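Inspection log for the structure reproduced underneath, given as structure tokens.
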Amino acid sequence: ACSDSGSDKPAAAAADKPAAASTLEAAKAAGKIRIGYANEAPFAYMDSKEAKVTGESVEIARVVLKRMGIDEVEGVLTEFGSLIPGLQAKRFDIIAAGMYVTPERCQQVAFSNPTYGVGQAFLVKQGNPKNLHSYEDVVKNPDAKLGVVVGAIEGEYASKSKVPPAQVVVFPDAVSALSGVQAGRADAYAATALTVNDLMGKTSAASGLQKAEPFTDPVIDGKNVRGYGAYAFRSDDKAFADAFNAELAKFIGTEEHQKLVAPFGFTSEELPKGVTAAQLCAGQ
Ligand SMILES: CC1=N[C@H](C(=O)O)[C@@H](O)CN1
């Protein structure tokens, strides 16, 4: 009802081919947009008490999209490994899951600039019985099993750290990875440090578990890994991604941003500090 931006649009009748509205135009007209997420707190998850999708990625998206004239977001749940295929199949229009910008993924989707940067952690049984403090520790112990979520970067970290595939156990999502560690199907669940912090914060769910400390991040291609999470758009929605990015740039690093994400466990340590999608796509 509040479409006030029509003045710059050419009259539809003037076009000689039927104008397929862009994703951005369609979302503005509908006042809503579908976002894909993979139920991983604190990035994007269903808050069952409030019956709404929330998390760092979702709440920042809400602010930015509202400023772009899109008031409502509708969450579409999928596995992490199905986020990019789901975006491409138009099941949703933005991936809002804290997905890291990597050169491989940049071949498939258009990323916004990142909203945060973070290292890795292992969720293990209390007392860390297999003494796992790095991916290398998993390599050193052929009996150790490492849990990863399907499609998540940790599978790649494991293979690049030379963890034998037989030692890797793939789970559909973070919550089942946690259960897998509790049940002894994996000795560690490898995830972002923020994911592990969040799971450990839910005392009832995480009973008998702990974060492995200390922890050494894997060194890949000569660099200590730090993951930078962002939004992903279809490659042909580049104009949408650019418009989103322009609004996002006005928000990231502000006090309002930090207040919004603090309840999800994000501190000034996790600010992206000027790292851009272009740099990350180029493998820098
Ligand atoms: C938020 C998140 N980021 C990583 C990734 O992008 O693959 C994985 O740790 C899965 N979850």
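When a ligand or atom number is given, it counts from 1 through the structure's own listing order. Count residues from 1 along the sequence. This is a predicted model, so every value here is computed, not measured.
Within a 6.0 Å radius of CD in Glu255, other residues, nucleotides and ligands contribute 12 heavy atoms or fewer. The environment of Gln279 atom CD is dense: over 12 non-hydrogen atoms of other residues, nucleotides or ligands sit within 6.0 angstrom. Enclosure of atom NZ in Lys211 by more than 12 non-hydrogen atoms of other residues, nucleotides or ligands within 6.0 angstrom is indicated.
His133 pairs by the ring pair (Phe, Tyr, Trp, His ring centres under 6.0 Å) definition with nothing, not counting sequence neighbours.
Tyr231 places a side-chain N or O within 3.5 Å of a backbone atom of Ser57 that can act as its donor or acceptor partner. Checked by atom type and distance alone, the side chain of Gln88 pairs as donor or acceptor with a backbone atom of Gln108 at under 3.5 Å.
Protein residues lining ligand 1, listed by chain and number: Glu40, Phe43, Phe80, Ala97, Gly98, Met99, Tyr100, Arg105, Tyr116, Ala152, Ile153, Glu154, Thr192 [non-hydrogen atoms, distance under 4.0 Å].
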